[in-house]
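Presented below is the structure to which this report refers.
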Amino acid sequence: MTKLATNISLVEHLFMDIWFNIPKELSEVILQAAAEIPYFDKSFNPDIRTTDPRFGDFQANGVLSWGKNVGQNPRQVAQKLMETVEQLGILDPTLVGYEIAGPGFINFQLTTKFLLSWLKRYRKEDDLKTAAGDIYRGKRIVVDFSSPNSSKQMHVGHIRSIVIGEAICRLLTFCGAYVIRDNHIGDWGTQYGILMMAIKRFDYNLKAPHKNPLNDFETLYREGNALVEKDQKVGEKAREELVKLQNGDLDSLSLWKEINKISLQALQEIYDLLDIHFDETLGESYYRDQLNRVYQELIETGIAEESQGALVVFHREHSRYKTQPFIIRKSDGASLYSTTDLATILYRHEHFQADEINYVVDSRQSDHFEQLFLTVRKWFFAKGIPLPKLKHISFGTILGEDRKAIKTRSGEQIKLKDLLNEAVHRAFNIVCKKKNPDLTNEEYKDISHVVGIGAVRYADLMQNRTSDYVFSWDKLLSFEGNTAPYLLYAVARIYSIFRRAKLQPGSNENNASEFETETEIALAQKLIQFVTVLEQTVNDLRPHFLCTYLYELSGLFSAFYNADKVLISNQKIRSRRLLLCARTLTVLETGLHLLGLNTLAKM
RNA sequence: GCGGGAGUAGCUCAGUGGAUAGAGCAGCGGUUUUCUAAACCGUUGGUCGGGAGUUCGAAUCUCCCCUCCCGUACCA
């Protein structure tokens with residue numbers, strides 16, 4: 001072993017030891033020094049974060065507040081700290097430089113030697129996969145997303161749950177979690193009462209061939225609902241239909257099955273377009289035999305009570321939910337989504353051993369989830385069941401140009417299928433107009449699909465998920481700004497360089513010299529920040545952090561591409577620039593894949 | 001009424017209690033015998049809704065007020 005070690009060159013040794021998670025390591029260094037200084041104690045947090053490039057790569061802000069606490073000049077505290085670091089010899093000045101600035105910031109600047117070593121050491125997607133550390137290592141996480149109502153078509157609003165949900169699944173998997181994608185279809189609720197009433201009343205023949213049955217269902221539902229609102233007797237009839245179904249009436253069940261079959265086929269078309277694959281599609285109906293246990297246990301534990309004929313949960317300790325009930329059984333005896341949601345959590349605990357359940361659902365349902373989570377906490381506590389971590393990953397509404405929830409000109413919902421097809425179609429027109437002459441018709445088709453679908457997904461993910469956002473075709477398909485086409489174009493150009501050089505990305509890097517130009521250094525600095533950004537993205541499950549980073553990275557790559565020609569005769573320079581291209585490609589593709597986008601070698 | 005979210009450049013949006021608040025679009029001005037110009041570079045543009053407070057330091061935290069959106073007992 002010793003002999004082997006001595007045979008490893010100094011340089012190789014350095015590559016093996018190069019820090020991966022830099023802010024974490026810098027933090028360690030500072031804490032080590034702080035341990036030697038009397039006026040620091042364990043509560044000291046160096047507070048390392050990325051900084052404005054003109055100050056360096058990372059800054060430590062912790063001494064500012066600490067100096068104040070212990071009655072010392074923060075600048076002198078920083079000074080003392082860094083002197084100690086030097087005495088201990090725990091920061092290699094050939095790798096990391098530092099400077100004390102302003103009132104007591106410690107700015108760290110990675111040397112070009114460090115940057116090159118880092119990029120030589122962490123080359124591929126797998127190397128980056130350890131990035132988010134052990135945050136979710138070994139955890140079993142159910143992600144409940146998409147979860148549309150059956151018997152209705154998906155419209156634009158449904159895309160957020162799908163796209164954000166899928167991105168979150170990929171991020172969690174990347175961080176070591178075992179993810180269960182569960183599509184919790186709404187197939188057991190009140191809408192069935194109305195729909196089935198309408199089918200019978202309007203004599204709609206399910207067995208006969210129909211051009212667009214889901215459209216018919218929607219019309220039937222709409223007209224049925226209008227009747228319900230007008231006529232109490234019709235409303236009663238609809239509620240009866242639901243109760244009959246929920247009580248297992250055979251005719252009702254077979255009608256329900258037929259509706260569901262047709263619905264699921266239509267939903268599948270969308271999932272195919274978006275390349276979404278669920279591990280489970282357990283709708284509300286799946287839990288219908290488990291609802292009695294919910295009623296029973298919640299009554300027996302005194303959590304639920306009768307109110308106005310319904311079975312409800314009040315949370316006395318809560319300012320609002322002490323009077324705003326969580327209804328788990330309607331006065332007519334029917335269950336609702338609160339009931340099935342309760343049963344579902346129990347199932348996910350017992351069957352999947354879920355450590356965590358994430359619900360990717362519209363923020364308008366936050367009251368429901370707050371009440372649901374409060375109820376489960378009490379229920380599981382009373383029964384001695386370990387409580388999984390429950391999270392509502394909420395998101396805002398997609399708005400039209402008029403800043404109201406997006407609709408067609410005539411005021412109808414925009415069908416998701418139409419939107420996706422239009423995206424591909426528009427992408428096709430753009431790609432064709434620009435005409436890359438080397439491409440075949442087949443390639444145009446592929447590119448249109450990847451760009452069109454990717455653009456819609458990216459436009460959604462690049463927004464802070466908790467905010468509403470304004471939908472704009474021009475913006476999401478533009479090659480300028482924070483868009484999928486811009487990022488995909490950057491990827492395609494990198495591939496093009498390697499094609500031109502007749503090389504595989506990642507090869508011919510051995511002669512790489514240290515970075516010299518401003519654009520090279522800026523790009524290298526950005527690349528190493530991937531780790532930090534990924535951590536932030538995963539901590540908050542906010543994909544837009546990653547999007548912003550990828551966009552900035554692409555911008556720096558474009559600047560580099562424009563300023564520094566890669567395929568030149570000087571082998572040392574060429575080699576290091578090829579390395580930058582290959583690593584940018586790795587990070588961009590890793591990031592885009594995490595977001596659920598495909599990438600292209602040509603466009 | 002209560003609760004949640006939002007209010008940052010003309011428009012669409014970023015912004016971890018830190019340094020001179022940033023992008024993109026739009027506007028103005030440049031760059032192509034050079035690896036995909038679908039690109040790049042420069043420039044104009046701000047009472048961070050208003051007011052008070054906490055802090056060495058506030059777009060960010062606390063309180064009050066204004067405007068808009070959403071939710072608020074048998075839909076999901």
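Any value given below was found using the heavy atoms of this structure, including those in side chains, with hydrogens, waters and symmetry copies removed. Chain letters run A, B, ... following the sequence lines, proteins first, then strands; residues in each count from 1.
In this structure, the separation between CD1 on A/I185 and CD on A/E284 is 9.5 Å, given to the nearest 0.5 Å.
At the phosphate of B/rC35, neither OP1 nor OP2 sits under 4.0 Å from any side-chain N or O atom of A/R577. An OP1 or OP2 oxygen of B/rA76 is reached within less than 4.0 angstrom by a side-chain nitrogen or oxygen of A/T190. Distances shorter than 4.0 Å separate some side-chain N or O of A/S467 from OP1 or OP2 on B/rA14. The phosphate of B/rG15 (OP1 or OP2) has a side-chain N or O of A/H544 nearer than 4.0 angstrom. For A/R320 and B/rG4, the shortest distance from a side-chain N or O to OP1 or OP2 is not below 4.0 Å. Proximity of A/R493 to the phosphate of B/rA37: a side-chain N or O atom is located under 4.0 Å from OP1 or OP2. Remark: A/Y486 is in phosphate contact with B/rC40, judged by side-chain N or O atoms under 4.0 Å from OP1 or OP2.
Summarising the base pairing, B/rG17 is matched to no nucleotide, lacking a Watson-Crick or G-U wobble pair whose two defining distances lie under 3.5 Å. Pairing partner, B/rG1: B/rU72, with both Watson-Crick or wobble hydrogen-bond distances short of 3.5 Å. For B/rA23, the paired nucleotide is B/rU12, the pair qualifying as Watson-Crick or G-U wobble because both relevant distances are below 3.5 Å. Nucleotide B/rC28 forms a Watson-Crick or G-U wobble pair with B/rG42, both donor-acceptor distances falling under 3.5 Å. Summarising the base pairing, B/rA52 is matched to B/rU62 through a Watson-Crick or G-U wobble pair whose two defining distances lie under 3.5 Å. For B/rA37, there is no paired nucleotide, since no Watson-Crick or G-U wobble pair has both relevant distances below 3.5 Å.
Residues A/Y359 and A/F373 place their aromatic rings such that the two centres sit under 6.0 Å apart.
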Listed pairs, N/O of protein and of nucleotides 54-58 of chain B, under 3.5 Å:
from: B/rC56; atom 1: OP1; to: A/K68; atom 2: NZ; distance (Å): 2.7

Problem set entry | A/Y337 vs A/H368, ring-ring contact (aromatic ring centres under 6.0 Å, His included): CA-CA, chis, key distance, verdict | CA-CA 10 Å; A/Y337 75 136; A/H368 167 74; 4.0 Å; yes
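For A/P325, counting side-chain heavy atoms from C-beta on, the closest listed nucleotide (B/rC35, B/rA73, B/rU36) is B/rA73. Nearest nucleotide to the side chain of A/D468, out of B/rU20, B/rG18, B/rC69: B/rC69. Of the candidates B/rA39, B/rC35, B/rA19, B/rA39 carries the atom nearest the A/S558 side chain, counting heavy atoms from C-beta on.
Note on ring orientation: taking the six-membered ring where Trp is involved, the planes of A/Y321 and A/H318 are parallel (angle under 30°, cut-offs 30° and 60°). Between A/F479 and A/Y489, the ring planes lie perpendicular to each other; the angle is over 60°, past the 30° to 60° tilted range. Relative ring orientation between A/Y444 and A/F428 is described as perpendicular, the plane-to-plane angle rising above 60° on a 0-90° scale split at 30° and 60°.
By the stacking rule of 5.5 Å between ring centres and under 30° between planes, A/F105 does not stack on the base of B/rG18.
For the 3.5 Å distance criterion, the side chains of A/D474 and A/S472 fail to qualify, holding no donor opposite an acceptor.
When the C1' atom is compared between B/rA9 and B/rA26, the two are found 11 Å apart, to the nearest whole Å.
For B/rA6, the base has no donor-acceptor partner in the side chain of A/N464 [N/O atoms by modelled type, under 3.5 angstrom]. Applying the 3.5 Å distance criterion, the base of B/rA76 shares no donor-acceptor pair with the side chain of A/S147.
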